[in-house]
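Reminder, nothing fancy here: chain letters follow the sequence lines and each chain counts from 1.
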Amino acid sequence: MPSPRFPIPQGTLDMLILQILSLEPAHGYGIAQRLEQISRSVVQVNQGSLYPALHRLQQKGWLRAEWKQSETGREAKFYALTAAGRRQLAIERDSWARLSGAVNLIFEEGGR
Amino acid sequence: MRLFNWFRRRSLERGLDRELQYHFDRRVTDLAATGIPESEARRRAAAELGLVREEVRDVWLTRWLRDFFYDLRFSGRSFLRSPAFTATTLLSLALGIGATTAIYSLVDQVILHALPVHEPERLVLMDWNADDLITGANGTFNLMPYPVCRALQQQTRILDGVFCRAEIQVNLTAAGDPRPVAAEIVSGNYFTVLGVPPALGRVIEPEDDAARGAGPVVVLSHDFWQAQFGGAADIVGSKVLVGSHPMTVIGVAAEGFRGVDVGAVPAFWMPTSMYADANLGADDLINSPTRWLQIIARLRPGVTPAQAQAGLQPWFAAWLQESTLRPGFPALSADRRRDYLASTLAVTSAPQGHSPLRRNLSQPLWLLLAATGVLLGLACLNVAGLFLARGSARGREIGTRLALGASRGRIGRQLLADSLLLAVAGGALGIALAPLAMRALLAFLPQDLAANAIRPSLSLNLLGFALAISLAAGLLSGIAPALQAGRDNIVNSLRERGGTGFGGVRLRKAIVTLQVAFSLILLIGAALFLRTLTGLLAKGPGFGTSGLLSFAIAPTQNGYSRADASRLVRRLDEQVRALPEAGSSGTARFAFLNGGAWSNRVTLQTDRRKVTDGAVNFNAVSPGFFATLGVRILAGRDFNTSDLRPVGEIGPRCAIVNQAFVKRYLADRDPLGIRIARGSLPNVVPDSVIVGVVADMSYRGLRDNSEQVFFPLFEHDDTGATFFIKVRGAPEQAIPSIRRLVRQDDPRLPILWFRTLDDQVNRSLTTERLLAALSGSFGALALLLSLIGLYGVMAFVVTRRTREIGIRLALGATGGSAIRLILCDAVIMIAAGMAIALPCAAALGKVVKSQLFGVAPTDPATVASAALVLAAGTLAAAFIPAWRASRVRATEALRLD
């Protein structure tokens with residue numbers, strides 16, 4: 001029985017995808033697997049919501065896609081971060097840090 | 001752009017398929033590897049992916065847009081399935097949009113279009129609203145004296161530049177024969193104030209205008225340079241003759257610039273310093289108070305015309321005061337002197353320049369635009385009616401969709417897509433039609449204007465207008481059905497029998513009532529304008545026009561002195577009379593029916609001295625003039641050769657007056673023998689004896705029934721003349737011998753024009769013909785549209801009531817009573833429509849009154865005949881369905897269920 005998991009917070013999925021892709025290009029299933037690893041421990045991600053998010057990010061110009069041979073030998077659509085995507089990741093990481101920092105601060109003050 | 005995704009959605013779909021397939025296969029493999037049976041793995045993988053495909057599609061196009069595209073495609077398909085419906089609606093919209101666009105293009109070019117110059121919105125026209133008879137202006141063309149322009153140029157606190165200009169007619173000899181052309185005589189800063197650069201060489205500059213005779217130069221218009229010189233690059237520096245004065249071409253003005261008057265396109269510009277060479281008379285026009293040109297100024301940024309007017313007034317009052325002290329200022333009575341000093345300078349915004357044409361054409365054009373607006377509204381109503389009719393046919397489809405869970409918004413959007421698609425298609429068709437309509441319109445305009453100033457082409461501005469009205473039309477015609485769709489009850493629409501369903505009858509009846517009202521208004525307008533045109537044609541100019549040819553010369557434009565010009569005119573008059581083709585001939589100083597006139601007040605000496613209270617029109621004519629035109633002499637005699645004095649000789653003077661003059665000023669006495677003179681000032685001596693009275697004839701135009709006074713021609717002050725020849729046979733055949741005569745006398749003198757009097761009468765009626773023809777065709781179109789609308793709704797009513805009628809017939813009602821039943825419906829609609837239209841027409845009558853002749857806007861006979869035509873047409877349209885109702889077979893009607 002897995003431990004109870006959070007539903008993924010709204011808007012965080014995009015950030016997670018960008019983060020995963022910042023390490024190396026991956027295809028949809030690969031990303032899904034990485035998400036699965038994360039989600040197994042912490043949050044719950046619906047596999048289906050991945051693809052709309054990927055297409056949305058591509059439309060915004062943060063990802064680019066190309067068909068390449070995957071590790072199984074079949075052609076798969078690989079997503080990679082664009083320069084704009086990299087900038088966006090930095091922005092999101094920064095704002096996440098500020099938000100969580102602020103939340104932490106509030107909790108610490110309250111606990112003192 | 002997400003919109004583009006719509007067009008590459010096939011390849012996007014294919015890519016998504018492959019991508020998801022890969023995911024699915026890997027997932028199944030991985031799940032199977034953990035020991036789950038393959039069928040279960042497949043089920044779980046498919047469930048995980050769920051509605052991904054839909055969601056991704058929503059990312060490509062936002063959901064709403066995607067659905068709207070599907071709606072559009074659906075609309076397109078359903079339109080193609082009912083071609084008759086589609087053709088009718090498209091044609092209705094295209095006609096309405098095409099007509100409106102064409103008329104708007106005229107309004108735009110004649111009335112609204114700003115001059116193609118630097119910041120035209122800062123231009124203002126200066127006008128001096130003083131008594132013309134004191135200040136010596138002729139007519140109402142905003143004429144001003146040159147010294148005022150000079151003085152205004154010092155008012156730099158308010159004005160950024162002031163120039164003056166006048167339209168002139170001169171004979172230009174460039175290569176080959178001299179030809180009469182229109183030109184502008186302008187002050188030296190004209191081009192700089194307007195901000196018009198040269199296309200070649202240089203423009204006129206202040207040095208060219210510094211002193212009298214300083215600048216014998218001309219700047220050609222781009223169009224004239226292209227047409228006459230083939231755009232030759234070496235034109236700068238070449239010599240041309242203006243009249244008989246050599247001038248140098250110094251440049252070509254920027255392309256597209258055609259002067260500051262829409263109706264008069266100049267071939268070239270010359271500086272005011274050369275006014276003597278433009279044959280504007282021997283007076284010192286630069287320093288005299290003669291009003292002969294228009295003044296246009298550029299306001300300083302941020303200054304409004306009202307502020308400028310207020311700011312200039314103190315200076316102008318001082319200028320007026322000072323002008324009374326100048327030598328030559330007329331002796332005025334105390335009253336008139338006070339009026340003179342109290343007169344003001346009016347400053348009006350003039351981004352479109354100065355245009356008498358605009359004044360003449362603007363009311364008819366606005367009227368026509370309003371009429372096309374009504375027509376377009378009618379077309380929209382028609383389309384709305386057709387939509388409602390289709391809506392009822394589609395009632396079950398829509399009911400089913402509603403029952404299956406489609407939202408009302410969704411259905412409304414579908415109907416919106418329908419009307420939008422239709423509007424855009426109708427608009428495109430209308431835009432395609434518009435240039436044709438414009439070309440047809442140009443045929444109704446004065447030829448010189450049509451050739452020069454108006455272009456039957458689509459501008460961006462015009463396309464925007466057409467698009468805007470198409471969309472408005474689409475929304476207007478789609479909104480009623482969309483609302484109707486939202487209101488109907490699902491259960492009802494599903495329960496009703498096929499073919500009927502979906503109410504909307506009341507709405508459709510309201511629409512038809514409105515259509516009837518609109519049509520009647522247009523029909524009344526058409527009838528009024530038609531009566532005006534036929535009335536004017538029947539009245540005629542007061543003389544027989546058939547077989548009459550006229551031609552004109554202007555020798556002073558070629559450098560003749562007035563005395564020499566008089567001698568030439570007299571010589572030609574005698575020679576023309578002797579031509580074998582000429583039955584009779586006569587000569588007048590001014591042409592008829594072209595809008596202009598020579599006029600002033602008249603001083604009469606009866607038992608006391610008396611001045612006419614209005615201006616009287618003058619002309620100078622030769623003996624035989626009245627006989628040639630067939631104008632009856634009612635009392636006294638025609639001029640004879642003893643009335644003509646040799647040039648320069650003083651002798652007894654005489655005059656002939658017309659009947660209108662006698663009626664107004666000499667009603668109670670014998671006019672013969674009374675002495676009169678032109679002018680109203682105290683120093684005028686009435687010295688011309690009235691020797692004859694003639695019947696009334698038109699002068700300025702056919703509507704004109706003015707008081708007129710004729711003087712003998714050849715009093716050594718002629719600038720030119722128009723000759724009238726009664727030709728035996730076709731008038732045109734005399735043209736070659738006349739040309740020969742004039743060339744023999746002076747090979748360099750051009751003939752300004754040859755015109756038959758029939759043609760002349762026709763030309764003078766252009767506005768009336770434009771109004772009659774267009775309002776007539778609009779009226780006919782409107783009638784047709786409302787007939788279609790009425791027929792449609794009545795046919796629908798009959799179908800709906802088939803059962804009821806069948807029962808009535810089965811119970812013994814006659815066919816006649818069935819007809820009455822249905823017609824009663826139609827009569828109510830028609831009567832209601834007329835009841836709406838009549839007060840509207842009466843109100844609109846006040847607006848069109850000035851365009852009418854011989855008929856009041858509420859003329860009962862005209863209104864009644866228009867109403868009769870409408871009633872007859874609409875009743876006929878309603879009768880067909882009614883007759884069908886009477887033929888309903890009771891058994892069949894009852895079996896319908």
Closest non-hydrogen atom pair between B:Val56 and A:Tyr51, with its separation: CG2-C, 3.8 Å
Separation between CG of B:Asp25 and OH of A:Tyr29, rounded to the nearest 0.5 Å: 10.5 Å
Contacting region of A:Glu75 [heavy-atom separation from chain B under 4.5 Å]: both
Per-residue contacts, residues 27-37 of chain B versus chain A, heavy atoms under 4.5 Å: B:Arg27, B:Asp30
B:Glu38 atom CD: more than 12 heavy-atom contacts under 6.0 Å: no
Sequence-distant partners of B:Glu55, salt bridge (Lys or Arg N to Asp or Glu O under 4.0 Å), two or more places apart: none
Within 6.0 Å of CD in B:Glu121, more than 12 heavy atoms from elsewhere: yes
Per-residue contact mode, A:Ala32 against chain B (heavy atom under 4.5 angstrom): side chain
Rounded distance [0.5 Å steps], NZ in A:Lys77 versus OH in B:Tyr22: 14.0 Å
Side chains of A:Arg74 and B:Arg18 in contact at under 4.5 Å (non-hydrogen atoms): no
